[in-house]
Amino acid sequence: MSTITDDTGTGAGTPLRAGPREWLGLAVLALPTLLLSLDVTVLHLGVPHIGAALRPSAAELLWIVDVYGFMIAGFLVTMGTLGDRVGRRRLLLIGAAAFGVASAIAASAPTAELLIASRALMGVAGATLMPSTLSLIGNMFRDPRQRGLAIGVWATMLSAGIAVGPVLGGLLLERFWWGSVFLLGVPVMALLLVTGPLLLPEFRDPATGRPDLPSVALSLAAMLPVTYGVKELAAHGVAVPLVAGFVLVYLGVGPAFALGTDLVVGAAPPERTGAASAISETSTELGIALGIAALGSAGTAVYRSALGSVPEAPDTLAGAVAAAGELPSEVAAGLLTTAHAAFSSGMAVVAWIAAAVSAGLVAVAAVTLRRVASPGQ
């Protein structure tokens, strides 16, 4: 039977309920959780700036946005198992250092290709952080009620990062260049490297098997070509309401995400929380990245179709804005009006598709989770 070893010097008689050190450790773990989800959406307002500075193609622009999420999804399970083997805190700190370096490279990337590569490296580093944070929470909070509250805090930070990303990105872009949105990771990861060894215990499972590297290759081989095909198919072929909608989305997603994560982590034995956390995070990151790829491609297809009769219109809204700056004022105004209308049409189609998928998931959950007990029961 496998056992967990830790560096706290405690054994089987450790009190079930968490103390002040564990709650301070949760505050430390909230930092990378917030940052990792923030980096998924912080680029949304930076896309026009990146388009103007680096001149990426439509396909390259989509890769810049979502290669990060796909690399996280491709490496999460393996990194979760690796954390169980070498130590979850150790892997967390290694990932923090790598994420900070990759963020600095992304901030100063002179070409679209280097930005895509640095975003991919950020994704690999992020894959070491996400299962480590959640599995450490599962080990630090053994009491079901405390664990549910801790995971609720973790899920809140994850959702908050996604929601705050565009706002914070916009504030930075008003004052600095587009690369500033990536530099957020540097001080956060530096703080984690300093406080992590002081507040976070180490956990490892000596009986964990070796990382399954062929599975990593198979995961990436399955996801990336599909993504490439969807992007190429599309490439060649904010008011008070686009705010009320986001509020409703996160009011629904927040509780569902926290409860679902607690069900997954709570069902796993302590020595397997790393792997369980990785499975939970893989579904989240793959869903985000695949959603951006598929829905973004659908929106791009609608946008291109609506602009088919406008010869001056580039493949993206950012490109249309840049092109308008080089045209006579009357022609530029017409181009921008048509481009914005086409973009809005694409976003409307994306919203209806997302609503239909969400309704289907409600039906699936209602049928499959009828007999599942609440966490802690």
For a 4.5 angstrom cut-off between non-hydrogen side-chain atoms, does Leu129 reach Phe99? yes

Please list, one pair per line, the donor and acceptor atoms closer than 3.5 Å that link side chains of residues 175-201 to other protein atoms, with sequence neighbours excluded.
| from | atom 1 | to | atom 2 | distance (Å) |
| --- | --- | --- | --- | --- |
| Arg175 | NH1 | Leu171 | O | 3.2 |
| Trp177 | NE1 | Ala107 | O | 3.1 |
| Ser180 | OG | Trp177 | O | 2.8 |
| Thr195 | OG1 | Leu191 | O | 2.9 |

Exercise. With hydrophobic residues grouped by side-chain heavy-atom distances under 4.5 Å, do Leu38 and Val28 end up in a single group?
Worked result: yes

Check: Are Leu35 and Val124 linked, directly or through other ILVMFWY residues, by side chains that come within less than 4.5 angstrom of each other?
Finding: yes

Output for pair (Met140 CE, Gln146 CD), nearest 0.5 Å, gives 10.5 Å

- Should Leu93 and Arg89 count as side-chain neighbours, where that means a heavy-atom distance under 4.5 Å? yes

Next on the checklist: According to a hydrophobic-cluster definition based on side-chain heavy atoms being under 4.5 Å apart (Ile, Leu, Val, Met, Phe, Trp, Tyr only), do Leu31 and Ile94 belong together?
Outcome noted: no

- Message: In the structure I gave you, are the side-chain heavy atoms of Val349 and Ile353 within less than 4.5 Å of one another anywhere?
- Response: yes

In this structure, OH of Tyr303 is separated from OG of Ser344 (nearest 0.5 Å) by 10.5 Å

Distance col, row Met157:CE vs Thr33:OG1, nearest 0.5 angstrom, shows 7.5 Å

To the nearest 0.5 Å, atom OG1 of Thr111 lies from atom CZ of Arg55 at 15.0 Å

Do Leu173 and Leu168 land in one hydrophobic cluster if side-chain heavy atoms of ILVMFWY residues count as linked below 4.5 Å?
yes

Correct closest heavy-atom pair for Thr133 and Pro32 would be CG2-CG, 3.9 Å

Applying ring pair (Phe, Tyr, Trp, His ring centres under 6.0 Å) to Phe141 and not counting sequence neighbours gives Trp23

### Query
So Met71 and Val67, side chain to side chain contact (heavy atoms under 4.5 Å, CB included) or not? Walk me through it.
CA-CA 6 Å; Met71 297 306 288; Val67 70; 4.1 Å; yes

d(Leu136 CG, Arg88 CZ) to nearest 0.5 Å is 7.0 Å

**Message:** Any heavy-atom pair between the side chains of Ile137 and Leu29 that's under 4.5 Å?
**Reply:** yes

Closer than 3.5 angstrom, by distance alone: can the side chain of Glu60 be matched with the main-chain N or O of Glu113 as a donor-acceptor pair? no

Correct closest heavy-atom pair for Ile64 and Arg119 would be O-NE, 3.0 Å

Of all heavy-atom pairs linking Ala125 and Gly95, the shortest is CB-O, 3.8 Å

Between Ala354 and Leu295 the two heavy atoms that sit nearest each other are CB-CD1, 4.4 Å

Kindly work out whether a path of hydrophobic side-chain contacts (I/L/V/M/F/W/Y, heavy atoms less than 4.5 Å apart) joins Trp63 to Ile50.
yes

How about Arg142 and Arg147: do any of their side-chain heavy atoms sit closer than 4.5 Å? no

- prompt: Would a distance-only check, ignoring hydrogens and angles, find a side-chain to backbone donor-acceptor pair under 3.5 Å from Ser305 to Ala301?
  reply: no

